[in-house]
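Below you'll find the structure, written out as structure tokens, and then a few comments.
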Amino acid sequence: MADTNLAQAVDVTNYASSYDTNIKFLLADKQILARILKYAVQEFKDMDIGAIMAGIGDDINVGTKALDAGMSNMGRVTGSNIEDNVPGEGKIFFDIRFTAYHGETEMKFLINLEAQKTSDHGKLGYHLENRIIFYLARMISAQKQTEFYHSDYDSLKKVRSIWICMDNGEGGDSIEEINLDRKTVFGNKVSSYGMDLMRGIIINIRGGRNREDSQNTLISMLEKLLSQTDADEKKRILEEKYGMIMTEELEGRIQTMCNLSENIIALGIMEGMEKGMQEGMEKGMQEGMEKGMEEGIKKERLNAIERMIKAGAVKEQIMLFGYTEEEFTEVKSIV
């Protein structure tokens, strides 16, 4: 049954890489993807949600390796190593990849969706815009011998790389585009051929609580979806305000994400307080609790890395989830 796909997907994400990966499986639901396409990709803005969903291929791949044999083909979402390995260009790993067809024109789009904790170049060590351009270029070059052959460059498919950035403050909600721009710098020649082959899209959503709803439908929906709101309340809002159908698949993903969020916080507090309160006897209760929480969170991060290594994830994939090289080395030495 189709509805059992989510139960399997939730099991995979629980063991493979916990909270961060479950967000990616949640975003990979066709109801979510369809709304992202409608409100962020220009070609789909005039289509209704049902038609967009019908045009999304069954090749939705989430960039994490499934644990058990037979779990790499779970219907609408495939858990696998989503790597692009072009000879001479090295490997890159995508969060979510899928194809979408425009209902009227049947035009094929190759889509990449990334969930990004931060867009701050100071934290990343690079400007996100450059990484987006690199991903777009790879999605173009990888079409050689797959979407076109020899010199048939007019058969190139349009690529869209969509990035959801989650660390923006109040007033930081926005959608940006990066695309090719054609202009005549000398003379009067005007070409009718549009340069819309590749486009990067950055969706900036806000973190924190007690913020006003965004005036943008997509951002408002994503902020509700990824917030720490109680699972039942979140499902109610998504149904009543955004017209989503709470299938067993989608409902299970939301519940799992909320449970993981609560468990991570609770684990950090409980384990941290036990150790921190001992030190707090000498240094003060507040200082001890803070240190204890920090220790608990650190332990959960190391546990998550250990689960990913045991599941078969490689260093490059683990680093993309926001973990540090020091954390990876520490866990790798004892696994």
Side-chain angles (χ1 to χ4, degrees), residues 13 17-42 44-45 49 52 56 60-64 77 82 92-98 100 109-121 123-124 126-136 139 159-179 198-208 211 213-229 234 237-238 242 244 250 253-254 257-258 260-261 317 320-322:
T13 54
S17 57
S18 194
Y19 182 76
D20 291 341
T21 300
N22 195 71
I23 288 179
K24 296 175 178 61
F25 273 82
L26 177 61
L27 291 172
D29 187 276
K30 280 192 176 183
Q31 292 192 72
I32 308 299
L33 294 178
R35 285 162 173 80
I36 291 174
L37 291 180
K38 179 175 180 63
Y39 295 109
V41 180
Q42 293 182 10
F44 294 88
K45 67 179 181 179
I49 296 298
I52 297 175
I56 294 175
I60 305 172
N61 294 287
V62 179
T64 212
V77 179
I82 307 307
I92 60 174
F93 297 87
F94 298 95
D95 280 357
I96 302 168
R97 291 192 71 175
F98 63 100
F109 289 79
L110 307 180
I111 312 289
N112 156 234
L113 177 63
E114 300 286 322
Q116 187 77 10
K117 286 184 176 180
T118 181
S119 56
D120 185 342
H121 73 275
K123 296 178 181 179
L124 293 173
Y126 58 85
H127 287 84
L128 183 63
E129 293 82 355
N130 290 332
R131 184 177 173 189
I132 294 173
I133 292 171
F134 178 70
Y135 274 43
L136 287 167
M139 291 169 71
V159 298
R160 300 291 182 263
S161 187
I162 306 169
W163 296 68
I164 301 175
C165 298
M166 309 178 188
D167 65 335
N168 297 278
E170 188 67 33
D173 52 328
S174 62
I175 299 178
E176 306 170 89
E177 289 189 351
I178 300 172
N179 57 280
M198 58 186 191
R199 186 183 299 270
I201 300 161
I202 304 173
I203 304 170
N204 296 302
I205 67 175
R206 301 163 297 175
R211 58 178 179 268
D213 284 351
S214 173
Q215 297 300 305
N216 180 272
T217 300
L218 176 60
I219 292 175
S220 179
M221 183 272 289
L222 289 173
E223 288 179 345
K224 290 291 190 301
L225 183 71
L226 302 176
S227 70
Q228 294 182 9
T229 307
K234 183 181 295 187
I237 293 173
L238 292 174
Y242 301 102
M244 294 191 190
L250 180 57
R253 285 188 181 135
I254 292 173
M257 189 185 74
C258 291
L260 285 169
S261 178
Q317 290 176 293
L320 287 176
F321 288 135

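Positions are given from 1, in the same order as the sequence printed here.
In this structure, a donor-acceptor pair under 3.5 Å is present between the side chains of D167 and T118.
A donor-acceptor contact shorter than 3.5 Å is absent between the side chain of R35 and the backbone of M221. Using a distance-only test at 3.5 Å, with no hydrogens or angles considered, a donor-acceptor pair links the side chain of E223 to the main chain of R206.
Using a 4.5 Å cut-off on side-chain heavy atoms (C-beta onward), K123 and K117 make no contact. Between L113 and L27, some side-chain heavy-atom pair lies under the 4.5 Å cut-off.
Between atom CD1 of residue I164 and atom CD1 of residue I162 there is a gap of 8.0 Å, rounded to the nearest 0.5 Å. Atom-to-atom distance recorded for D95:CG and Y135:OH is 7.0 Å, nearest 0.5 angstrom. A distance of 5.0 Å separates OG in S161 from CG in L136, rounded to the nearest 0.5 Å. Rounded to the nearest 0.5 Å, atoms CD1 (I202) and CD1 (I175) are 11.0 Å apart. The line from CG of D29 to CD1 of I56 is 9.0 Å long, rounded to the nearest 0.5 Å. We find the CG-OH distance between L222 and Y39 to be 11.5 Å, quoted to the nearest 0.5 Å.
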Stepwise side-chain contact (heavy atoms from CB on, under 4.5 Å) test for E176 and E129:
CA-CA 11 Å; E176 306 170 89; E129 293 82 355; 5.6 Å; no
Residue pair W163, I178: steps toward the side-chain contact (heavy atoms from CB on, under 4.5 Å) verdict
CA-CA 11 Å; W163 296 68; I178 300 172; over 6 Å; no
Could you walk me through whether I32 and M244 pass the side-chain contact (heavy atoms from CB on, under 4.5 Å) test, one step at a time?
CA-CA 9 Å; I32 308 299; M244 294 191 190; 3.5 Å; yes
N112 and V159: side-chain contact (heavy atoms from CB on, under 4.5 Å), yes or no, with the steps?
CA-CA 8 Å; N112 156 234; V159 298; over 6 Å; no
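When every heavy atom of L226 is checked against every heavy atom of K234, the shortest pair comes out as C-NZ, 4.3 Å. In this structure, D213 and K224 approach most closely via the heavy-atom pair OD1-NZ, 2.5 Å. What you find for A40 and I203 is that their closest heavy atoms are CB-CD1, 4.1 Å. Closest heavy-atom contact between A115 and M166: CB-CE, 3.6 Å. Closest of all the heavy-atom pairs between C165 and L128 is SG-CD2, 3.6 Å. Residues R160 and M139 approach most closely at O-CE, 4.0 Å, considering heavy atoms.
Between H121 and H127, the ring planes are parallel. Angles under 30° get that label, and only those over 60° would be called perpendicular.
Applying the side chain to side chain contact (heavy atoms under 4.5 Å, CB included) test between I205 and each of N168, I219, L225, L218 identifies I219 as the sole match.
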